[in-house]
Amino acid sequence: MALGSVDDFKARLTGGGARGNLFQVTLDNPRGGLGVGLDIDLSSFLCNAAQLPGSTVGTVIVPFRGRQLKVAGDRVFDTWTITILNDTQFKIRNEMEKWMNAIANHADAGGLQNPELYFTDLKVEQFDRDNTVVKTYTFKDAWPSDISPIEVSYDQSDVIETFSVTWQYQYWTSNTTDG
């Protein structure tokens, strides 16, 4: 195969390539409400980092006459983590704390028994340079399992606080894998 020219390369890099900074995350409130009043518009703006999900299909080894036949196993879904810029009213962090407290209460270790009440669907969209959505991932039946600490320090004078939220979910779909 010939290496090709720079012009060949440019012709194949349609749209100038996907840009990692052209995305939007949509967080939604839990289906059961739980007193959580997450501002969906605000969280879309203040979520400043996320990932498009990876995909892993496990392997099942089947021994046969001294050989190993490898066949597809179960799909595994990793956690999903987002990073959020903290505002001075802690609007998003407070709602995440309420959500997690409804799942597992601080005071008495009680919490919801019906997962359907604390599940929600989350979305991350990748945009093209003309603001067209080119890829959408939906994380089905998600719930927050971890809120990271916020570092505070006298030597951080020109830094906006951030924190991350790690989500568990059952599976993801995309606009190219749905159906």
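For the single chain, residues carry numbers from 1 onward in sequence order.
Across every non-hydrogen atom of Ile82 and Ala50, the tightest pair is CG2-CB, 3.8 Å. Minimum heavy-atom separation, Ala142 to Leu122: CB-CD1, 3.6 Å. Across Ala102 and Leu34, no two heavy atoms sit closer than the pair CB-CD1, 3.9 Å. When all heavy atoms of Met100 and Asp146 are compared, the pair lying nearest together is CE-N, 3.8 Å. Closest approach of Leu117 and Pro30 over heavy atoms only: O-CB, 3.6 Å.
Following chains of ILVMFWY side-chain contacts shorter than 4.5 Å, one cannot reach Val71 starting from Ile61, and the two form parts of different hydrophobic clusters. Val124 and Phe127 fall into different hydrophobic clusters, defined by Ile, Leu, Val, Met, Phe, Trp and Tyr side-chain heavy atoms under 4.5 Å apart, directly or through other members. Two different hydrophobic clusters hold Val133 and Phe45 under the rule that ILVMFWY side chains link at heavy-atom gaps under 4.5 Å. Tyr137 is not connected to Leu22 by any chain of hydrophobic side-chain contacts under 4.5 Å among Ile, Leu, Val, Met, Phe, Trp and Tyr, and they are in different clusters.
Rounded to the nearest 0.5 Å, atoms OG (Ser43) and CG (Leu38) are 4.5 Å apart. If you take CG on Leu42 and CD on Gln89, they are separated by 9.5 Å, rounding to the nearest 0.5 Å. We find the CG-OG1 distance between Asp41 and Thr26 to be 9.0 Å, quoted to the nearest 0.5 Å. Rounding to the nearest 0.5 Å places CD of Gln170 at 11.5 Å from NZ of Lys140. Rounding to the nearest 0.5 Å gives a distance of 11.0 Å between CG of Asp74 and OG1 of Thr59. Atom OG1 of Thr138 and atom CG of Asp28 lie 11.0 Å apart (nearest 0.5 Å).
The neighbour count for Arg129 CZ, taken as heavy atoms of other residues, nucleotides or ligands under 6.0 Å away, does not exceed 12. More than 12 heavy-atom neighbours from other residues, nucleotides or ligands sit within 6.0 angstrom of CG on Asp155. Few gaps surround CD on Gln156; more than 12 heavy atoms of other groups in view lie less than 6.0 Å from it. Other residues, nucleotides and ligands place more than 12 heavy atoms under 6.0 Å from the CG atom of Asn114.
Annotation: side chain of Val165 is not in contact with side chain of Ile92 (no heavy-atom distance under 4.5 Å). Using a 4.5 Å heavy-atom cutoff, the side chains of Asn29 and Thr120 are not in contact. No side-chain heavy atom of Phe90 sits less than 4.5 Å from a side-chain heavy atom of Glu97. Side-chain contact between Asn86 and Ile160 is absent, with no heavy-atom pair separated by less than 4.5 Å. In this structure the side chain of Leu52 reaches within 4.5 angstrom of the side chain of Gln126, judged on heavy atoms.
Side-chain N or O atoms of Asp128 include none that pairs as donor or acceptor with a backbone N or O of Asn131 at under 3.5 Å. Trp99 places a side-chain N or O within 3.5 Å of a backbone atom of Tyr118 that can act as its donor or acceptor partner. A donor-acceptor pair under 3.5 Å links the side-chain atoms of Gln51 to the main chain of Thr81, judged by distance alone. Side-chain atoms of Asn101 come within 3.5 Å of backbone N or O of His106 as a donor-acceptor pair. A donor-acceptor contact shorter than 3.5 Å links the side chain of Ser44 to the backbone of Val25.
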Next item on the list: Would you check, one step at a time, whether the test side chain to side chain contact (heavy atoms under 4.5 Å, CB included) holds for Thr56 with Arg75?
Entry: CA-CA 6 Å; Thr56 303; Arg75 185 177 292 267; over 6 Å; no

Next item on the list: Might you work through the side chain to side chain contact (heavy atoms under 4.5 Å, CB included) test for Thr176 and Lys135, ending with a clear yes or no?
Entry: CA-CA 8 Å; Thr176 57; Lys135 186 77 171 174; 2.4 Å; yes

Note to self: Walk me through whether Arg93 and Phe163 qualify under side chain to side chain contact (heavy atoms under 4.5 Å, CB included).
What the structure shows: CA-CA 8 Å; Arg93 185 166 179 105; Phe163 64 96; 3.5 Å; yes

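A donor-acceptor contact closer than 3.5 angstrom is absent between the side chains of Asp7 and Ser5. For the residue pair Ser164 and Thr83, no side-chain donor N or O sits within less than 3.5 Å of a side-chain acceptor on the partner. No side-chain donor-acceptor contact under 3.5 Å links Lys123 and Thr136.
Qualifying salt bridge (charged side-chain N to carboxylate O under 4.0 Å, His left out) partners for Asp141, counting only residues two or more places apart in sequence or in other chains: Arg31. For Phe139, the ring-ring contact (aromatic ring centres under 6.0 Å, His included) test picks out Trp80, Tyr169, with sequence neighbours left out.
Remark: Glu95 does not engage Lys91 in a salt bridge, criterion side-chain N to carboxylate O under 4.0 Å.
Ring centers of Trp172 and Trp167: at least 6.0 Å apart, outside the cut-off.
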